[in-house]
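Report on one structure; see the data block that follows.
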Amino acid sequence: MALKGGWAGTILRVDLSTEQITRESTEKYSRYIGGMGIGYKVMWDEVPQGTHPFAEENRIIFGVGPLTGTGAMCSGRTNITSLLPSNPFHGVSDSHMGGHFAVEMKYAGYDAVIIQGKAKRPVWLRIVDQDVTLEDASVFWGDGTFNTIAGITAIMGKSSQVAAIGQAGEHQVNLSVIRTGASHSAGGHGGVMGSKNLKAIGVMGTGSVKIAGDRNAWHKLNKDTFAIVGANNQHVVPSTPQAWAEYHDPSSRWTSQKGLFWGAAPYPIETGEVRPEEVNKIGYRTMKAIKDLGPAGEKYTVRMGGCASCPVRCHSHLHVPELEAYGVSPNVANTCMGFFSPNGVMKGYKVAGKTNDEANVIGRSMGAQIADDYGVWCNYGQLGRDFFWAIDHGYLEKVLPRDEYNSLPLDKIEKGDISFFQDFYRRIAFKEGELATLGEGAWYVAKKWGFGEDYWSYKGNKLWTKLGYPVHHSNESDGVVGGVISSMFNRDAQCHTHQNFLFSGLPTNILKEVAAEHWGAEAIDEVANYTPANQAKAKFTKWSIVRNVLHDSLTLCNWMWPMTVSPLKDRNYRGDTGLEAKFFSMATGFKVSEAELDESAERIFTLHRALTAKQMKSSNLRRDHDQLTGWQFDMDPDKEPFTKGTIKLDRDDYDTALTLFYREMGWDEETGIPTRAQLTRLNLEDVADELERLGLLTA
Amino acid sequence: MSETQSQLLNQKITRRDFLKYTGISAIGATTMSWLLPGCTSKDIKVFETADGMIIHESARCTGCLVCEATCSVGNDGKASQVTARIKVSQNFAYGPKGVRGDWVNGPGEMGNFTLVADTCRQCEQPACALACPENAIFEHEGTGAREVDPEKCVGCGTCVRACPWGIPTLDPETNVSTKCILCHGYTACVKDCPTGALQYVSWEDAIQKYKEHFQV
Ligand code: SF4
Ligand code: SF4
Ligand code: SF4
């Protein structure tokens, strides 16, 4: 099957051990769509069971998809697949970054870059269209991400895009990132690059991505999509009451309103009210600084930024002159966790002559900037929670050697002195002393420092499973639906399909109608008034995961896609869940239906499940993988599950939810292992054979 | 705003001043001479003024590159940053000059977030057209946009070198020059820009807009 459009058609393979650079056709992988799908397929075929993430045998795959770089809305994301160091059994995982690296890779002519082996000395990979070379990275080794990216851009040319690791990745810190651009980072796999002596990948492409379909039809499709998109996280109502809007919701990220400005722009730019039909104002809808950083975020905002082809822009670009006093760049860009996770490490900031609100912006942008430069990953905020658990429960004083403990400027936390970040993140990134254990991830910290059962089962620690990752839209999002979604991955579930729909800001009755049309009458409940598991919820759970996987394979931003609902009253607030298939068909020239595309994504997620069983050597993932830490069932002791005002789950009901979900997925209802029948249906017979050979196939 | 700039803005601006002014940061004195009639050895060609031009308001631009994708897909049936006739990505990360010592405070997304786009000015005396040895660049009847005739273009790249803003681009896949043709009046990039950072305006308005945007 020759590829006509969408895909670049070529996959680049770089063996760092032999310094061989080869190319193969993407066709072999087209059933796996792209991005995450290609990544899992490569991992399944090539990485032996039991491989350590930092072993030469491990692969790291930078994957993009048939929609990346086409200009389809929010199609600028890179998917990175490898074994995850912070996971206790080193399960396969994917991390993602936005920015412009992905589209540059496509324009250079590649759907994926597979990295294997280990370089003898630090190198960086230079990709200029067909010209691909390994370059000496000794001058960059030891440097932070910002300087590395600048240095490589200076060599390659101003149109290049670079993905790099910081000192954390070099030192094979489990919690480390791969970073690109001013504010985009993929959490978890920096150490894998470090273990391979690969400091960075620079890419520059002068090619194109062909659109197989008619260009005018494509243009219209894009315009139609512009007309139904919301603000960030597909929030489709404004955050304040506005004359044009029937509904509003204070928690909506559709913040544009009269009197709200990009306050640090060369001249103040008002976000103003943005009505849905004003497509030339979509970029003002989401002023994320006031969501991430509070009201003072407004006056520091230069503009909003984000990923290629995204009209929504969820990254705040700030000018924070106060940072210069600390030797840190005053120009800071980030979003969500980048700005939230410093708050876990310090509890409050004080800056002379500044209000608390201003100090909050200054402190958090300082933390974000330092963590970004060192390339430290927060494990979705867990790093800070572990730190405070260790302080508050007397572990830190016990486990750290006395000298080290005394050298730690903990008094700065008390004083709100933001220079603490420089000290803290440096120790983590350079693996200085015992404190650096925090950088290994929750499971390792708990084991090494002897945290008890109370650590795992304390609700405030937010640990979703004993595999050491925290909640990421779990039981607060439709009870067991979010609960099961969060149990299916080998790190925090980065799934926003369910979250974005449930918290779009529309009233529950409308959402219930939409849910009924897609998954059945009982799929969703009012927030924090959840009902027991049922088949519609299982269908919603499956659909949410499958679409997430689809987006990470195409690649589209799962913070925006799918467009289940829209801001448009005249569409009855309906979105269009068939858009992904329309874009895919038009870009590639292969006409596929929504259901067919979903099935491809189901194949990818089933492969993920098989990979998890293989790597865990488990023939019972229900028992070994899908179990929770306990607080989810024991929280709110004075409340019963399924009563108003609690997100408490019920043990038996969670079990039922797993069974119903396994049934929807065609997995063994007892063990949660994909069945041979289902693997065959998805053309994964070889996977069934291998699972059987390993003694892991249970049905 | 620099002294020179404010002085400029307080004068009565002619179209040629405008070209000089907006080009000043991007080009050196030598290339500037391309803008002046008579500096080409070719026969004088008379170009009617184009109806207007596309201007870019840096402060509103978020670097999404929607404009580039919509331009290249619409005009070429393929998405490409290189053939896109509105050019944001080439200055995106570190500004028009690339990485400089003080990049932290310099332009670009990696610096102080200033995004500088290059747009086709549809010049009164278009250096691209005047330089073309094949007379392949002509004036569209409807819009006055300076267009490349793909039949005549031999891919020599003279126009690429002649234009002070690097607008004409040899499509590496066809070896034919492409440049902004105002989509024959549709201006897809302007229609799709999510922040209204791009506008298609008359000459008079272009001057006025630039005054507004710099007088703060
Ligand atoms: S919504 Fe945010 S993360 Fe998603 S594509 Fe846009 S800028 Fe990137
Ligand atoms: S579409 Fe508008 S905001 Fe986006 S890069 Fe182009 S000019 Fe800038
Ligand atoms: S391409 Fe031609 S008309 Fe456009 S700015 Fe360059 S010289 Fe002027």
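Each chain gets a letter, A, B and so on, in the order its sequence line appears, and its residues count up from 1. Excluded from the calculations below are hydrogen atoms, water molecules and symmetry mates; all remaining heavy atoms, backbone and side chain alike, are included.
When the candidates Cys307(A), Gly205(A), Ser309(A) are compared by the number of heavy-atom contacts under 4.5 Å with chain B, Ser309(A) comes out ahead. When each of Arg285(A), Arg215(A), His219(A), Met304(A) is checked for heavy-atom pairs under 4.5 Å with chain B, Arg215(A) comes out on top. Ranked by heavy-atom pairs under 4.5 Å with chain A, the first of Ala93(B), Ser89(B), Gly74(B) is Gly74(B). Between chain A and the residues Gly196(B), Ala197(B), Cys193(B), the largest count of heavy-atom pairs under 4.5 Å involves Cys193(B). When each of Ala150(A), Ala333(A), Gly283(A), Gly207(A) is scored by its heavy-atom pairs under 4.5 Å with chain B, the top score falls to Ala150(A). Looking only at heavy-atom pairs under 4.5 Å with chain A, the residue among Val82(B), Val66(B), Leu65(B), Val73(B) that has the most is Val73(B). Ranked by heavy-atom pairs shorter than 4.5 Å toward chain B, the options Ala265(A), Gly306(A), Gly305(A), Gly181(A) are led by Gly181(A). Interface remark: of the candidates Ile282(A), Thr153(A), Val302(A), Thr153(A) forms the most heavy-atom pairs closer than 4.5 Å to chain B. Among the candidates Thr206(A), Ile149(A), Val312(A), Asn222(A), the residue making the largest number of heavy-atom pairs closer than 4.5 Å to chain B is Thr206(A).
For the pair Ile269(A) and Arg60(B), the tightest heavy-atom approach, listed with the atom from each and the gap, is CG2-NH1, 3.4 Å. The shortest non-hydrogen separation linking Thr70(A) to Ala69(B) is O-CB, 4.5 Å. For Tyr107(A) against Ala79(B), the heavy-atom pair with the smallest separation is CE2-O, 3.1 Å. Scanning all heavy atoms of the two residues, the minimum distance from Tyr94(B) to Phe146(A) falls at OH-O, 4.5 Å.
Using a distance-only test at 3.5 Å, with no hydrogens or angles considered, a donor-acceptor pair links the side chain of Lys158(A) to the main chain of Gln90(B).
Heavy atoms of Phe113(B) lying under 4.5 Å from chain A belong to its backbone as well as its side chain. When heavy atoms are compared at a cutoff of 4.5 Å, His317(A) approaches chain B by way of both its backbone and its side chain. For Leu318(A), the part sitting under 4.5 Å from any heavy atom of chain B is the backbone (N, CA, C, O) and nothing else. The contact between Glu104(A) and chain B is made entirely by side chain atoms (from C-beta outward), counting heavy-atom distances below 4.5 Å. Contact annotation for Asp171(B): neither backbone nor side-chain heavy atoms come within less than 4.5 Å of a heavy atom of chain A. Using a 4.5 Å cut-off between heavy atoms, Leu115(B) contacts chain A through both its backbone and its side chain. Only the side chain of Lys223(A) comes within contact range of chain B, with at least one heavy atom under 4.5 Å from a heavy atom of that chain.
Remark: Lys210(A) NZ to Asp76(B) CG distance equals 10.0 Å, nearest 0.5 Å. Between the SG atom of Cys64(B) and the CE atom of Met73(A) there is a distance of 11.0 Å, given to the nearest 0.5 Å. In this structure, the separation between NE2 on His319(A) and CG on Asn112(B) is 8.5 Å, given to the nearest 0.5 Å. Here the NE2-CD distance, from His315(A) to Glu109(B), works out to 9.0 Å after rounding to the nearest 0.5 Å. The CG atom of Asp192(B) sits 7.5 Å away from atom CG of Asn280(A), with the distance rounded to the nearest 0.5 Å. To the nearest 0.5 Å, atoms OG (Ser58(B)) and CZ (Arg303(A)) are separated by 5.5 Å.
Between His100(A) and Phe92(B), the two ring planes are tilted [angle within 30° to 60°].
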- Would Trp103(B) and Asn147(A) satisfy side-chain contact (heavy atoms from CB on, under 4.5 Å), going step by step from the backbone distance to the final call? CA-CA 10 Å; Trp103(B) 54 266; Asn147(A) 272 334; 3.3 Å; yes

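Using a 4.5 Å heavy-atom cutoff, the side chains of Val103(A) and Gln81(B) are in contact.
Residues Ser208(A) and Glu173(B) have side chains that bring a donor and an acceptor to within less than 3.5 angstrom of each other.
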